[in-house]
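See structure below.
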Amino acid sequence: MKENETFYSIPWEDLPPTHYVDNRIFCDQKIFDIEQRAIFSKVWKFVCCESELAGTNDFRTTTVAGVPLLIVRGPDAKIRAMVNSCSHRGVKLVEEPAGNARKFECLFHRWTYDARGRCIDIPREEGYACVKIDKAQCGLKQVRCESTRGLVFVNLDDDAAPLEDYLAGCLSVFDDVFGQVELEVFHFHEQVLDTDWKHWQETNMELYHEYLHVLNRKTGMIDPAYFNRTWHAFENGHMAVDPLIIQYEKMQGGASREQHTLPGLKPNEFRLLDIFPDVMLNCRASVLRIDTQIPLAAGKTLVQFRGLGVKGEPEQMRRQRIRDHAEFWGPFGRNLPEDALATERQKETMGKASKYSLMAREENRLTQDDFPVREFYRQWERLTGLRAASASMLPE
Ligand code: FES
Ligand SMILES: [Fe+2]
């Protein structure tokens, strides 16, 4: 290598393999397919909040690891998940993202299912007598579904350990909030991003990127305590960072959120929890934001954003919460568009102009240490059997 080139090169081969990743993991469709099989088909996946299925026969649809799912609160108040595909010849049964229905009728040959997923009608059923099939055998395939603290999770793997084992106690970070009042979703939007799902999740973990966010610089990073928070690792790749008091009054037009901070929190308190692989709970005093993702392809993901406040609160209070949410996280707020801009630009160079990504900051696991990202990729490696840093270990 010529002398004048060496100055510009990070000595990747001298780094521990835990401290960088091969950027092909963000753009290789073969790796995406392995992730779908080895991660998203195996873990407990957050799908929605119980408050979104408040009434009998309320339903939502979603997709996990490419499998379309129907989540329904039945007449017995139980929330069930089932594969959203007709038992007859596979037609996707429900197209709407959400709604309320006592029964679901397939448009193709009119097989009909109830809110528990039982097949309740087959037109001219007697035609199947020759093969001894009747509707009692034709229900929708049930998928494991468990809730905790008002959050609904599903798991495609019948052999997976229970949800609470998977969470490994990480939701205790928010127990004092969940335990005080009932929360409900007041905001939902989703966005397709031209970036890999892991890049989006990285923005929820590595806080070194907060230099990107002008509001964070003005209201959080001005406080020396900002840099001295510790990251805590839970089993199975979940991560939380110590809380911080945010100075909202320091931004232009900003005001303290003291009067409407969620019960259980200190005035203006910020908390953050990442649940492996794709979920973030981020609380900015008055609003809890929950992100989850439906990865679509290598370098393309659909992110769903929820905002939660106190169920049944006065209208005036709700309006304030909506304003607080929109300021940072609404589609036209500051932070989400900033993260989207950065991660979409990042995707443009992956595996082409940019071969590796550096995750080498060590600061005793404090705020801007890359520790949470490194932990994320260790869990990713455990489940996929791949080496994130080593191109030679990636499938041909
Ligand atoms: S595919 Fe649904 S009734 Fe035939
Ligand atoms: Fe961000």
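Values below: every heavy atom of this structure, side chains too, minus hydrogens, waters and symmetry copies. Atoms within a ligand are numbered from 1 in the order they appear, just like the ligands themselves. Positions are given from 1 along the sequence.
- Distance from atom 1 (S) of ligand 1 to its nearest protein heavy atom, with residue and atom name: R89 N, 3.4 Å.
- Aromatic ring pairs are classed by plane angle as parallel below 30°, tilted from 30° to 60° and perpendicular above 60°; the pair W12 and Y356 is tilted.
- Those atoms of ligand 1 that come under 4.0 Å of a heavy atom in C86, given as number and element, are 1 (S), 2 (Fe), 3 (S).
- Here the two rings, on F153 and Y166, have centers that are 6.0 Å apart or farther.
- The N, O or S atom of H88 lying closest to atom 4 (Fe) of ligand 1 is ND1.
- Among the atoms of D339, an N, O or S atom is found under 2.8 Å from the Fe ion (ligand 2).
- Counted by atom type alone, S85 and K141 present zero donor-acceptor pairs between their side chains at under 3.5 Å.
- Taking every heavy atom of F108 and a limit of under 4.0 angstrom, the matching atoms of ligand 1 come to 1 (S), 4 (Fe).
- For the side-chain hydrogen bond (donor to acceptor under 3.5 Å, both in side chains) test with R306, the passing option among E190, H325, H189, E52 is E52; the others fail.
- Between H209 atom NE2 and H213 atom NE2, the angle centred on the Fe ion (ligand 2) amounts to 100° (nearest 10°).
- Looking at E327 and V287, their side chains never come closer than 4.5 Å, going by heavy atoms from C-beta outward.
- Each of the atoms 1 (S), 2 (Fe), 3 (S) of ligand 1 lies under 4.0 Å from some heavy atom of C106.
- With no hydrogens or angles considered, a side-chain donor-acceptor pair links Y377 and E202 at under 3.5 Å.
- If you check which protein heavy atom lies closest to atom 4 (Fe) of ligand 1, you get H109 ND1, 2.1 Å.
- For ligand 1, the atoms closer than 4.0 angstrom to any heavy atom of W111 are 3 (S).
- Judged by a 6.0 Å distance limit and a 45° cone about the ring axis, R289 is not positioned over the six-membered ring of F328.
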